[in-house]
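Notes to accompany the following structure.
Read the numbers this way: they start at 1 and go in the same order the structure lists the ligands and their atoms.
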Amino acid sequence: MLSQALLRLASAVSRRRMKLLLGVALLAYVASVWGNLVNMRSIQENGELRIESKIEEIVEPLREKIRDLEKSFTQKYPPVKFLSEKDRKRILITGGAGFVGSHLADKLMMDGHEVTVVDNFFTGRKRNVEHWIGHENFELINHDVVEPLYIEVDQIYHLASPASPPNYMYNPIKTLKTNTIGTLNMLGLAKRVGARLLLASTSEVYGDPEVHPQSEDYWGHVNPIGPRACYDEGKRVAETMCYAYMKQEGVEVRVARIFNTFGPRMHMNDGRVVSNFILQALQGEPLTVYGSGSQTRAFQYVSDLVNGLVALMNSNVSSPVNLGNPEEHTILEFAQLIKNLVGSGSEIQFLSEAQDDPQKRKPDIKKAKLMLGWEPVVPLEEGLNKAIHYFRKELEYQANNQYIPKPKPARIKKGRMRHS
Ligand SMILES: NC(=O)c1ccc[n+]([C@@H]2O[C@H](COP(=O)([O-])OP(=O)(O)OC[C@H]3O[C@@H](n4cnc5c(N)ncnc54)[C@H](O)[C@@H]3O)[C@@H](O)[C@H]2O)c1
């Protein structure tokens, strides 16, 4: 009896122990599984962290690139007016990356038109119009007007041509082609699409004038075989072409006879007095005067010219119109004025006279005043100060801060017989 009771007690105790042991074992198992899980998770988390930081390393430069791109997409353009479909014109400016053309592009863009600039970048540059690149109303085409162009436009401002003596004398044949074939191509385009064309002609059509001041009915005094003839005669024949297309084909033409113009974005190698004197004065170089300095010039500021061009284009005046500032000064007076405005200690150096250099040049602008209600309004000193500021910045931009304008010599084939 006693032994049976002891057996039952022993089996009850071992069952309890067994249960206890089983419970402990279960707990240990759960704990170890839990531990493994926690361990695995921390390894996983560490791995994830490492992967994340690697991805971050690769992605960060890409993000920076995207930020740069976004910045360029959200580039701030100068303010542009909104024009209704009816008033908005599609306007082509040939030579629109040059000095005058780029200012004209600014005005037409800000007035709300759609502007296409065509340029072969002979003397123009992208920098002059870079602030419009990407704008929905603006297009820049690298094209030479000597080749035909097929686009749809309502107005054409035909400015493509080198404008300063060193530039147009550099390759006289190309200057002639640009002003003749180029003008024919643009008139052909105007005829085809029914556009109005404005030709940027020049006071050089008057040559070395025998009347003073020059009005539009003066026929001029041009040496047809002199060094300037490629430009002067090129522009004269361009005018002739305009009137032939007007009479024969009914093309609407406007002809602006532009007198000397100056302002920011003038070419550093322009070679004409204003830019030469400013650059020389800014660099403490002697101001070079050709001849006695008593020859006269009259200069208009570029914004005045641009307003005149737009007024003429939108007028009903189809005969030539002078656009210039009649305020006449001797070259010597210009030299002194620029020297003073720059505050330069440069000397004035006299050199021998240039061939066919006109002695007097002053526009008669009665016609522009009467028919366009236009006249220059920017005072000479104000314009000069803006041009001086521009050239000062341009000089700073040059790597070595030294820029003496040295016009390229004219292209002449070696070994060829030349007529004197
Ligand atoms: N600036 C003046 O004082 C002045 C005076 C009289 C007339 N103009 C006339 O005004 C116009 C503009 O003169 P600017 O002073 O701005 O000169 P610019 O040299 O700065 O501009 C002329 C532009 O025409 C471009 N060009 C030249 N040949 C070309 C071609 N074959 N195809 C396409 N593009 C071509 C040049 O790259 C340049 O961008 C010219 O027709 C010039 O004869 C200017």
Side-chain angles (χ1 to χ4, degrees), residues 92-106 116-129 140-149 156-186 189 197-206 214 228 230-236 238-239 242 255-275 297-306 308-309 312 320-325 358 361 363 376 383 387 407:
L92 166 65
I93 307 174
T94 71
F99 160 51
V100 176
S102 62
H103 286 281
L104 178 62
D106 287 353
T116 301
V117 160
V118 157
D119 208 294
N120 71 349
F121 303 109
F122 173 54
T123 49
R125 56 182 184 168
K126 274 193 193 143
R127 229 175 113 205
N128 289 343
V129 288
L140 175 62
I141 304 176
N142 185 342
H143 176 86
D144 194 311
V145 292
V146 169
E147 302 298 329
L149 179 71
I156 303 169
Y157 287 87
H158 180 38
L159 273 66
S161 165
S164 74
N167 289 328
Y168 64 65
M169 287 184 206
Y170 169 66
N171 185 345
I173 297 171
K174 180 68 196 215
T175 302
L176 277 165
K177 282 185 181 169
T178 297
N179 279 299
T180 55
I181 304 170
T183 303
L184 275 181
N185 281 334
M186 290 309 115
L189 172 65
L197 180 141
L198 180 147
L199 172 72
S201 184
T202 169
S203 56
E204 300 284 341
V205 297
Y206 301 126
Q214 297 83 49
R228 291 165 169 263
C230 58
Y231 181 69
D232 302 4
E233 297 290 17
K235 289 285 186 186
R236 283 167 71 95
E239 286 194 10
C242 285
V255 173
R257 289 190 180 149
I258 303 170
F259 283 67
N260 277 331
T261 308
F262 73 98
R265 303 192 197 143
M266 271 180 104
H267 205 272
M268 298 280 266
N269 255 332
D270 184 83
R272 280 174 290 184
V273 281
V274 172
S275 56
R297 291 291 182 275
F299 287 96
Q300 69 183 328
Y301 188 66
V302 66
S303 60
D304 282 334
L305 170 62
V306 164
L309 291 174
L312 176 60
V321 178
N322 285 343
L323 294 176
N325 191 331
R361 192 53 76 60

Any donor-acceptor pair under 3.5 Å linking the side chain of [X] with the backbone of [Y]?
X: S203; Y: F259; answer: no
X: T94; Y: L159; answer: yes
X: T183; Y: I181; answer: no
X: N179; Y: A238; answer: no
X: N325; Y: P376; answer: no
X: T175; Y: Y168; answer: yes

Closest approach of any protein heavy atom to [atom], naming residue and atom:
atom: atom 31 (N) of ligand 1; result: D144 OD1, 2.8 Å
atom: atom 30 (C) of ligand 1; result: N120 ND2, 3.3 Å
atom: atom 2 (C) of ligand 1; result: R272 NH1, 3.4 Å
atom: atom 18 (P) of ligand 1; result: T123 OG1, 3.7 Å
atom: atom 11 (C) of ligand 1; result: L159 O, 3.4 Å
atom: atom 17 (O) of ligand 1; result: A163 CB, 3.4 Å

If every non-hydrogen atom of H103 is compared with every non-hydrogen atom of V302, which pair is closest and at what distance?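 For H103 versus V302, the nearest heavy atoms are CD2-CG2, 3.7 Å.
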Angle between ring planes, F262 versus F299, binned at 30° and 60°: parallel, tilted or perpendicular?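 Ring orientation of F262 relative to F299: perpendicular.
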Assign the ring pair F122 / Y170 to parallel, tilted or perpendicular, where the plane angle (0 to 90°) is split at 30° and 60°.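 Parallel.
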Have a look at ligand 1 and work out which part of [X], if any, has a heavy atom under 4.0 Å from it: side chain, backbone, both or neither.
X: R125; result: neither
X: V100; result: both
X: K177; result: neither
X: S203; result: neither
X: Y231; result: side chain

Using a strict 4.0 Å cut-off to heavy atoms of F122, name the atoms of ligand 1 that fall inside it.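 Numbered from 1, ligand 1 contributes 37 (O).
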Using a strict cut-off of 4.0 Å, indicate which atoms of ligand 1 neighbour a heavy atom of G124.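 So the atoms of ligand 1 that pass are 36 (C), 37 (O), 38 (C), 39 (O).
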Does ligand 1 have any atom that is closer than 4.0 Å to a heavy atom of [X]?
X: T94; answer: no
X: R265; answer: no
X: G182; answer: no
X: G96; answer: no

Please check whether I258 reaches ligand 1 - meaning an N/O of the residue sits under 3.5 Å from an N/O of the ligand, judged on distance alone.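 No; every N/O pair is 3.5 Å or more apart.
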